[in-house]
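Here's the structure we're looking at; comments come further down.
Quick note: numbers below take in every heavy atom, side chains included, and nothing from hydrogens, waters or symmetry partners.
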Amino acid sequence: MNIYNSAKKILGFFVVAAMAAGGSAVFTGCDDFLDEPVVGNPLDENSYDTKYKLQSVLNSAYDKLACETMQDSDWRFGEATADNMVGNDEGLTSHMGQLVNFRFNTSNSYILSRWTVYYQAIHRVNQVIANIHKCRVLDTETDTYREIRYIYGQAKFLRAYFYFNLVRTFGGVPIRPEVENVSNTVIPRSSLEECYAYIEKDLREAAIMLPSRFTLTQCGKASAGAATALLMKVLMYQAKPGDGSDKWKQCAELGDYFVKGEPFTFAQMLRFDERYKDTDWETLREELWFKPVAALKPDESPETLEEQCPYLKSAYSLKFLDAYMNAITYDEQWYEVGEFCQGSVFEIVYKESGDGTSGDTNEGNSVFLSLFPLNNFNPPLKTNNILVDRVFGTDVRTNFIMGHNEQNPDGHNNLIGMGNRLPLKWYTPIKDRPVYTNDNAKNRRVIRFMEVVLTYAEALNEVGRMQEALEQLNSVQTQVNSINNGSKLSVAGGYGYLRNEIWLEREKELAFEWDRFFDIVRQGRAASMMRAFSEVVNNHRGQFFREGVNEIFPIPQTEIDVSNGVVEQNPGY
């Protein structure tokens, strides 16, 4: 059996505990019930005392990451609301149509679903983080310390990822306590700056706790590469084009480390002197599950702040290579042969159930089969020639966006409706197709190395290192040229020219990966792009976008109501 298929089976995550609803809640009940003494052992005292129990709880957080509700929400908010796709449900009578036309109210069901599923995910991962100290380890078990540290680091990455998507969608959000009880069910919103600081802390710590990447049967787990890549993205989202923010400098420094392989210490990654003024290193070491100094053998040395972060440069590549370093084609990056390939930094793992189980039990991912239906004429989201030509022109990547009655690379004839075009990033090749309908083992690529390099290039341009920015941009374009022996490269120019070249390359390379809306918002041009889009689509979708309001979505009305106004609404809603 292919060892990477084995990894998919091992990482077919399952639910291990009942899940509380996301967001705030109101508790009611009689005093007599609440005053009854607890009989037996409290669950939380013995549910986290081994690495195996901790792993099962972490699996439940991965399970929520992979759930159909979350993935369905991601394409709706990140792709369907943006300017390069049109949907088959854009009438103003439906909640989806209202969402993509920016004519929704605060009770829109998709807005509530996104809020709820992400807070459910945070609740799950907080169970790992809040209880990891209850695990019992003998001082002689060096490997166990490392394994628990890896569980802890993955939990921190996942929590940062969940909060990042909430913040991009809603602005500052409530930061839920790790240990929840009746007294802290209603939490006010934190500021945008506080949320980002919280996210950064998790990612910086995860980046020193985890290996550069997981391989073999552990493929799919979040790594130091994933934490660093997401941290770069988080820093970029906090800055604005041309603002001279220190966040751009920090992002460029991380790129020097990740992409160029320059030395980077624990102190630099943590920004220890700045962020841990009231904590000494040894205390933090033990908190992050590095082996305590007192437990070290005579031949063992403790990690110091001058310890080098995991070497990432050799762990990832722009080249189209599979997990075994064999050459693959551009589109195969998104198929089974391309799972955990050299260009994939973090992906969400799916497997076939073998019995047709689908939906939020997460055996298989039916979302991609919905987006690229194999034998029908009704994809929920599609593009067209006008939109493709606007973005790609004669770029070779236009060949991977297929039209009706065109043949995909494996010879399958598309029947998606006249005038429609769909990206092969969503396609399931014939040899990868599931036995049962909607039981798809197609993984979702969330962070790719090409995005890391383009983020690095943008940061370099923002800090005045324009020649280096051009080199990084052209390293991506050189790899794209390898598809058809092309020769197109960007040329030197001023700050504005180079920024636009990088943005155009992001639009081409990262197209249809469910991030477009958030990207044009953080660039500060969502309103202009949506207005331009409204002029080329029949229903003029985008004309109602309100600048200064619709860059973020409203807090769900139920959350405002249940908190009695403690959770405040976003301006304009």
Side-chain angles (χ1 to χ4, degrees), residues 82-84 229 232-256 258-260 318 330 386-398 401 448-513 515-536 542 545 547 551:
D83 62 337
N84 55 16
M232 291 175 66
K233 193 167 183 174
V234 166
L235 290 166
M236 178 175 69
Y237 268 72
Q238 292 177 77
K240 290 182 173 58
D243 70 354
S245 168
D246 185 59
K247 298 296 182 181
W248 286 121
K249 180 181 178 183
Q250 294 178 42
C251 185
E253 289 171 348
L254 285 169
D256 291 339
F258 195 156
V259 179
K260 285 190 173 181
L318 288 175
Y330 180 80
I386 295 175
L387 297 174
V388 170
D389 289 345
R390 177 185 66 80
V391 177
F392 292 91
T394 59
D395 190 282
V396 65
R397 284 165 289 194
T398 193
I401 311 167
R448 293 191 296 121
F449 190 58
M450 278 198 172
E451 181 179 5
V452 174
V453 175
L454 290 171
T455 299
Y456 179 37
E458 188 166 347
L460 289 170
N461 187 50
E462 292 290 342
V463 298
R465 296 164 59 182
M466 289 182 285
Q467 181 57 40
E468 294 173 82
L470 179 63
E471 292 170 2
Q472 294 302 322
L473 171 60
N474 280 337
S475 71
V476 172
Q477 293 177 342
T478 296
Q479 186 56 37
V480 173
N481 286 337
S482 72
I483 299 172
N484 65 340
N485 296 317
S487 59
K488 180 187 179 303
L489 296 174
S490 295
V491 299
Y495 161 78
Y497 161 80
L498 192 53
R499 182 197 64 193
N500 291 340
E501 286 288 288
I502 294 167
W503 284 355
L504 180 58
E505 190 61 31
R506 286 185 69 90
E507 186 174 12
K508 292 177 181 178
E509 180 55 36
L510 306 179
F512 319 121
E513 295 182 39
D515 220 25
R516 173 62 178 171
F517 177 75
F518 300 117
D519 215 23
I520 59 176
V521 167
R522 67 97 187 162
Q523 292 165 357
R525 56 185 188 140
S528 61
M529 298 302 287
M530 295 309 299
R531 280 194 296 269
F533 176 75
S534 72
E535 295 174 1
V536 297
F545 186 95
E547 188 169 9
E551 287 83 0

Mind listing the closest non-hydrogen atom pair of Gly493 and Met466 along with its distance? O-SD, 4.2 Å

Minimum heavy-atom distance between Arg390 and Asp83, given as atom pair plus value: NH2-O, 3.1 Å

What verdict does the side-chain contact (heavy atoms from CB on, under 4.5 Å) test give for Leu510 and Asp515, after you've listed the backbone C-alpha separation in whole Å, the side-chain angles of each residue and the deciding distance to 0.1 Å? CA-CA 8 Å; Leu510 306 179; Asp515 220 25; 5.9 Å; no

OH (Tyr237) and CD (Gln523) are apart, to the nearest 0.5 Å, by 8.0 Å

Sequence neighbours excluded - salt bridge (charged side-chain N to carboxylate O under 4.0 Å, His left out) pairs with any residue from residues 475-498: none

When rounded to the nearest 0.5 angstrom, what distance separates OG1 in Thr455 from CZ in Phe449? 11.0 Å

Got a second to check how far Leu454's CG is from Glu501's CD, nearest 0.5 Å? 12.0 Å

If you look only at pairs with a residue in residues 462-507, which of them pass as a ring-ring contact (aromatic ring centres under 6.0 Å, His included), with sequence neighbours excluded? none

Contact summary for Ala459 and Ala252, nearest pair of heavy atoms: CB-N, 3.8 Å

Might you point out which heavy atoms bring Gly542 and Ser534 nearest each other, and give the distance in Å? C-CB, 4.0 Å

Between Ala526 and Val521 the two heavy atoms that sit nearest each other are CB-CG2, 3.8 Å

Do the non-hydrogen side-chain atoms of Lys508 and Phe392 ever get within less than 4.5 Å of each other? yes

Taking it one step at a time, do Arg516 and Ile520 satisfy side-chain contact (heavy atoms from CB on, under 4.5 Å)? CA-CA 6 Å; Arg516 173 62 178 171; Ile520 59 176; 3.3 Å; yes

Begin with the C-alpha distance, continue with both residues' side-chain angles, and end with the deciding distance and a verdict on side-chain contact (heavy atoms from CB on, under 4.5 Å) for Phe258 and Leu254. CA-CA 6 Å; Phe258 195 156; Leu254 285 169; 5.9 Å; no

Would you please test Asp519 and Arg506 for side-chain contact (heavy atoms from CB on, under 4.5 Å) and show each step? CA-CA 9 Å; Asp519 215 23; Arg506 286 185 69 90; 3.0 Å; yes

Donor-acceptor pair, Trp248 side chain versus Lys240 backbone, under 3.5 Å? yes

Is the side chain of Asn474 donor-acceptor paired with the backbone N or O of Ser490 at a distance under 3.5 Å, no angle test? yes

Supply the atom-to-atom distance Ser487 OG to Gln477 CD, rounded to the nearest 0.5 angstrom. 11.0 Å

Where at least one partner belongs to residues 452-476, residue pairs that pass salt bridge (charged side-chain N to carboxylate O under 4.0 Å, His left out), sequence neighbours excluded: Asp256-Arg465, Lys260-Glu468, Glu458-Arg522, Arg465-Glu468

What is the distance from atom OG of Ser482 to atom CD of Gln479, rounded to the nearest 0.5 Å? 4.0 Å

Under the ring-ring contact (aromatic ring centres under 6.0 Å, His included) test, which residues partner Tyr330, sequence neighbours left out? Phe320, Trp334, Phe400

Can you tell whether the side chains of Arg397 and Glu505 come within less than 4.0 Å, N to carboxylate O? yes

Would the distance check show the side chain of Thr398 and the main-chain N or O of Thr394 forming a donor-acceptor pair, the cut-off being under 3.5 Å? no

Between Arg499 and Gly242 (side chain of the first, backbone of the second, donor and acceptor by atom type, cut-off under 3.5 Å), is there such a pair? no

Nearest 0.5 Å, please: how far is CD1 in Ile401 from CG in Asp395? 9.0 Å

Side chains of Glu513 and Glu451: does their closest heavy-atom pair fall under 4.5 Å? no

Under the side chain to side chain contact (heavy atoms under 4.5 Å, CB included) test, residues paired with Ser475 that sit two or more places apart: Leu318, Val453, Gln472

Qualifying residues under side chain to side chain contact (heavy atoms under 4.5 Å, CB included), relative to Asp246, sequence neighbours excluded: Lys249, Gln250, Arg271

